[in-house]
Amino acid sequence: KKALELLNELMNNGLEPNVISYSASISACEKGMKWEKALELLDEMKTKGLKPNVITYSASISACEKGLQWEKALELLSEMKTIGLKPNVISYNATMSACKKGMQWEKALELLREMKNARLTPDVISYNAAMSACEKGQQWEKVLGLLNEMKNQGLQPTVMSYSISISACVRGLQRETALDLLREMK
């Protein structure tokens with residue numbers, strides 16, 4: 001709310017907000033769970049001739065993720081590429097998280113593949129987002145495949161990685177595998 005007030009104050013005093021002030025306001029909307037306002041600001045900024053950058057789009061995607069708007073998050077990621085911006089790991093992670101919340105495990109896996117094809121290196125957050133999406137979609141085998149891939153990439157699985165994997169196995173009635181993962185985690 002404070003960030004939006006400052007943005008309005010800038011405009012009321014005859015100063016023109018720039019990409020940084022808009023990006024900060026959009027990020028504040030994300031933290032305040034105001035995805036609609038975030039997208040409104042993104043549109044307003046474009047109308048004023050300002051060019052949103054990767055940070056602006058990533059904050060907008062995160063706002064959509066928090067607002068359970070997975071389709072909008074995918075649209076923004078696509079729009080970034082259309083206008084010539086190269087999405088970064090944060091952009092992809094936020095979009096995968098949005099897909100997870102929207103129960104779109106196939107889309108999350110597609111984004112992980114796309115990320116690699118774009119020569120970006122997925123991090124633990126990337127894998128956890130994809131794994132969590134698969135877990136929610138009851139795809140325990142895919143979760144375990146991602147856990148192994150993560151390890152093969154030299155990434156250290158976190159407690160969250162193991163929790164997701166164990167939960168997926170339990171939901172998939174793979175009790176022994178869940179117990180093996182629990183032992184491995186220790």
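Here, residue 1 is the first one in the sequence, and each next residue gets the next number. Computed from a predicted structure; not experimentally measured.
- Under a hydrophobic-cluster definition in which Ile, Leu, Val, Met, Phe, Trp and Tyr are linked whenever side-chain heavy atoms come within less than 4.5 Å, directly or via other members, M185 and M160 are assigned to the same cluster.
- Other residues, nucleotides and ligands place no more than 12 heavy atoms under 6.0 Å from the NZ atom of K51.
- Between the side chain of S161 and the backbone N or O of T158, at least one donor-acceptor pair lies under 3.5 Å.
- Applying the side chain to side chain donor-acceptor pair (under 3.5 Å) rule to N148 yields no partners; only residues at least two apart in sequence or on another chain are considered.
- When all heavy atoms are compared, the tightest approach of M131 to S165 is CE-OG, 3.2 Å.
- Within a 6.0 Å sphere centred on NZ of K66, other residues, nucleotides and ligands contribute more than 12 heavy atoms.
- With sequence neighbours left out, K101 forms a salt bridge (Lys or Arg N to Asp or Glu O under 4.0 Å) with E65.
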Which pairs would a plain distance check flag for residues 132-145, meaning a side-chain donor or acceptor within less than 3.5 Å of a matching protein atom at least two apart in sequence or in another chain?
residue, atom, partner, partner atom, Å
E135, OE2, S167, OG, 2.8
E135, OE2, R171, NH1, 3.1
Q139, NE2, G137, O, 3.1

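- A donor atom on one side chain and an acceptor atom on the other are not found under 3.5 Å apart for D180 and T177.
- Within a 6.0 Å sphere centred on CZ of R183, other residues, nucleotides and ligands contribute more than 12 heavy atoms.
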Could you go through the side chain to side chain contact (heavy atoms under 4.5 Å, CB included) check for N93 and D123 one step at a time?
CA-CA 9 Å; N93 288 353; D123 59 14; 3.2 Å; yes
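- For the atom pair I55 CD1 and S58 OG, the distance stands at 8.0 Å (nearest 0.5 Å).
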Apply side chain to side chain contact (heavy atoms under 4.5 Å, CB included) to E114 and K81, showing your working.
CA-CA 12 Å; E114 187 180 301; K81 294 181 265 185; 2.3 Å; yes
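- Shown here for A130 and M96, the closest heavy-atom pair between the two residues is CB-SD, 4.2 Å.
- Taken together through direct or relayed side-chain contacts under 4.5 Å among Ile, Leu, Val, Met, Phe, Trp and Tyr, L111 and L68 form parts of separate hydrophobic clusters.
- P52 and K46 make their closest contact through CG-CG, 3.8 Å (heavy atoms, listed as atom of the first residue, atom of the second, distance).
- If you chain together hydrophobic residues whose side chains sit under 4.5 Å apart, L77 and I90 never meet in one group.
- In terms of modelled atom types and a separation under 3.5 Å, the side chain of S27 and the main chain of S23 share no donor-acceptor contact.
- Note that NZ of K72 and CD1 of I61 are 13.0 Å apart. Values are rounded to the nearest 0.5 Å.
- A donor-acceptor distance shorter than 3.5 angstrom exists from the side chain of K86 to the backbone of A118, with no hydrogens or angles considered.
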Pair E110, R113 - check salt bridge (charged side-chain N to carboxylate O under 4.0 Å, His left out), show working.
CA-CA 5 Å; E110 189 180 308; R113 274 191 301 275; 5.2 Å; no
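- Judged by distance alone, the side chain of S78 and the main-chain N or O of L74 form no donor-acceptor pair under 3.5 Å.
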Audit row: L50, T56, side chain to side chain contact (heavy atoms under 4.5 Å, CB included) steps and yes/no
CA-CA 11 Å; L50 293 171; T56 314; over 6 Å; no
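- Using a 4.5 Å cut-off between side-chain heavy atoms of Ile, Leu, Val, Met, Phe, Trp and Tyr, with links allowed through other members, W70 and M33 fall into different hydrophobic clusters.
- Cluster annotation: V19 is connected to M80 through the hydrophobic network of ILVMFWY side chains, with a link wherever side-chain heavy atoms come within less than 4.5 Å.
- Of all the heavy atoms in K116 and P122, the pair that sits closest is CG-CG, 3.8 Å.
- Considering CD1 of I164 and CG of L181, their distance stands at 12.0 Å, rounded to 0.5 Å.
- Here the CD atom belonging to E44 is positioned 9.0 Å from the OG atom belonging to S25, to the nearest 0.5 angstrom.
- Once rounded to the nearest 0.5 Å, the distance linking CE of M150 with OH of Y127 reads 8.0 Å.
- The minimum heavy-atom distance between C64 and L76, with the atom names listed, is SG-CD1, 3.9 Å.
- The environment of CD1 in I20 is sparse: at most 12 heavy-atom neighbours from other residues, nucleotides or ligands sit within 6.0 Å.
- The shortest heavy-atom contact between L85 and V54 is CD1-N, 4.1 Å.
- Taken to the nearest 0.5 Å, the CD atom of Q104 stands 13.0 Å off from the OG1 atom of T95.
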Would D43 and E40 count as a side chain to side chain contact (heavy atoms under 4.5 Å, CB included) if you check the C-alpha gap in whole Å, the side-chain angles of each, and the deciding distance to 0.1 Å?
CA-CA 5 Å; D43 286 339; E40 200 178 291; 5.9 Å; no
